[in-house]
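When a residue number appears, it is its place in the shown sequence, counting from 1.
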Amino acid sequence: MSETRRKLTTIFCADVQDYTRLMGADEEGTLASLKRCREAMGRLIESHGGRVINTWGDGLIADFPSVVEAVRAAVDTQNELAGFNARRPADGRMLFRIGINLGDVIVEGDDIYGDGVNIAARLQASAAAGGIVISSTVYDQVRNKVAVGFEFLGPLMVKNVDEGVPSYAVKIGDARDETPPAERSGPARPQPQPAVMAAAISEARPAPRGRRLYGVLAVIAAVLICINLLSWQGIFWARFPVLALAVVAALAWNRDQTLFNRKFTSLAIVALGIAGINLFTWTGQFWAMWPILGIAAVMGVRWSMRR
């Protein structure tokens with residue numbers, strides 16, 4: 001008998017949107033496309049250190065020892081399949097939905113079971129065609145390590161799980177699902193309850209502490225400018241502290257934003273601050289190009305080594 005044990009792993013679930021309709025229109029062509037897409041997906045999963053556990057119908061489940069590599073594999077998969085689908089008619093595209101969760105699972109032989117798997121499957125079912133949805137446990141691990149954006153979707157209700165699972169959509173480009181919602185197959189998604197909508201809205205808005213900080217910085221900047229103007233002696237000295245306050249505000253915004261890679265954005269903010277100092281102390285020489293070039297080189301190296 002196979003040994004039963006538990007482990008913490010990253011679960012990757014995928015299936016095809018509108019698979020029943022595709023099979024009804026062209027069984028042989030759909031099966032050939034499914035095989036090709038699965039081969040590409042399996043290759044990318046293995047290249048990122050993952051393992052395909054099982055396939056059934058149009059579905060696939062894999063696991064990864066690394067959360068970051070699981071998300072990168074999903075992004076690479078959707079990008080490669082987007083190229084494959086670009087050459088196909090709109091009504092014949094094979095669009096996969098992917099869900100990723102980090103959780104504790106039961107291992108029996110080569111299979112895995114448990115709530116961690118159920119959550120990944122539910123995340124996959126909630127994804128748009130050609131899209132990726134991840135749990136908050138995955139988001140916490142990858143938000144500063146993968147060069148993509150994230151959109152908070154609110155708590156997702158999962159069977160046998162008492163509390164909703166906070167989920168995020170991975171933003172990898174323009175939406176690839178061109179099928180009108182009324183024509184999609186499968187059960188309709190439940191509309192979010194007021195409590196869920198309130199949680200999503202509160203997550204999307206800036207934190208009250210952040211708003212207060214911006215307000216305080218704006219007041220300080222206004223006071224400094226007024227003092228400079230009221231004591232005018234031909235020098236606009238307030239430009240330097242106002243520039244410093246602007247950099248602090250930008251760094252505070254960067255701490256909470258999820259649209260861009262925070263490390264890259266912080267380097268860009270520093271580069272703009274240096275350029276501002278150069279312009280405010282202009283003597284006919286743009287010396288800021290050297291530190292900005294160095295920052296650009298650091299950003300380029302980090303980007304090339306992100307995988």
**Q.** N228 side-chain N/O to I235 backbone N/O, donor-acceptor pair under 3.5 Å
**A.** yes
(Q) Test your reading of the model: is there a side-chain donor-acceptor pair from N101 to the backbone of I119, 3.5 Å cut-off? (A) no
Q | Nearest-0.5 Å distance that lies between atom CG in L123 and atom CD1 in I11 | A | 9.5 Å
Q.
Given 3.5 Å as the limit, does a donor-acceptor pair link the side chain of Q78 with the main chain of G131, or not?
A. yes
(Q) Just verifying a value: how many Å separate F240 CZ and L224 CG, rounded to the nearest 0.5 Å? (A) 13.5 Å
Q) To the nearest 0.5 Å, how far apart are CG in L279 and CZ in R239? A) 11.0 Å
**Q.** Test item: R38 side-chain N/O and G59 main-chain N/O as donor-acceptor pair under 3.5 Å
**A.** yes
(Q) side chain to side chain contact (heavy atoms under 4.5 Å, CB included) for I53 and D110? Distances and angles first, verdict last. (A) CA-CA 7 Å; I53 295 174; D110 292 330; 5.5 Å; no
Q | From OG1 (T20) to CG (D58), nearest 0.5 Å | A | 7.5 Å
**Q.** Working for side chain to side chain contact (heavy atoms under 4.5 Å, CB included), residues F150 and V170
**A.** CA-CA 5 Å; F150 302 94; V170 178; 4.0 Å; yes
Q.
Would you say that more than 12 heavy atoms from the other residues, nucleotides or ligands in this model lie under 6.0 Å from the CH2 of W290, or not?
A. no
Q) How far apart are the C-alpha atoms of T77 and F96, what are their side-chain angles, what is the distance that settles it, and do they pass the side chain to side chain contact (heavy atoms under 4.5 Å, CB included) test? A) CA-CA 9 Å; T77 293; F96 278 79; 5.8 Å; no
Q) Do F152 and I132 sit in the same hydrophobic cluster, where Ile, Leu, Val, Met, Phe, Trp and Tyr count as joined when their side-chain heavy atoms come under 4.5 Å apart? A) yes
Q. Are L102 and V75 connected in a single hydrophobic cluster, I mean Ile/Leu/Val/Met/Phe/Trp/Tyr linked by side-chain heavy atoms less than 4.5 Å apart?
A. yes
Q | K171 vs V148, side chain to side chain contact (heavy atoms under 4.5 Å, CB included): CA-CA, chis, key distance, verdict | A | CA-CA 6 Å; K171 301 173 70 174; V148 295; 6.0 Å; no
Q. Only one of L81, D18, L22 forms a side chain to side chain contact (heavy atoms under 4.5 Å, CB included) with M94, so which one is it?
A. L22
**Q.** V216 reachable from V248 in the ILVMFWY side-chain graph, under 4.5 Å edges
**A.** yes
**Q.** Smallest separation among heavy atoms of R51 and K7, with atom names
**A.** NH2-NZ, 4.0 Å
Q: Working to the nearest 0.5 Å, report the span between CZ of R6 and CG of D104.
A: 4.5 Å
Q | hydrophobic_cluster_shared for F280 and I274, side chain cutoff 4.5 Å | A | yes
Q | Least distance between heavy atoms, A252 atom then L213 atom | A | CB-CD2, 3.4 Å
Q. Does some side-chain heavy atom of Q285 sit less than 4.5 Å from a side-chain heavy atom of N278?
A. no
Q. Between P291 and W287, what is the shortest heavy-atom contact and its length?
A. CD-O, 3.3 Å
Q | L251 side chain near S266 side chain, heavy-atom distance below 4.5 Å | A | yes
Q) Between the main-chain N or O of G154 and the side-chain N or O of S167, is there a donor-acceptor pair closer than 3.5 Å? A) yes
Q.
For a quick test of reading the model, state the closest non-hydrogen atom pair linking V105 to G116 and the distance between them.
A. CG1-CA, 4.3 Å
Q: Spell out, as yes or no, whether a donor-acceptor pair under 3.5 Å connects the side chain of R122 to the backbone of L156.
A: no
Q) Quick check: does any side chain N or O of T9 sit under 3.5 Å from a backbone N or O of F64, one acting as donor and the other as acceptor? A) yes
Q | Y139 and Y168 aromatic ring geometry - parallel, tilted or perpendicular at 30°/60° bounds | A | parallel
Q. If two hydrophobic side chains count as joined below 4.5 Å and joins carry through other members, does I220 share a cluster with W237?
A. yes
Q. Looking at C13 and V117, what are the two nearest heavy atoms and their distance?
A. SG-O, 4.5 Å
Q.
I need the minimum non-hydrogen distance between V52 and G42, along with the two atoms involved.
A. CG2-CA, 4.2 Å
(Q) With rounding to the nearest 0.5 angstrom, report the CG to CE distance, L60 to M41. (A) 6.0 Å
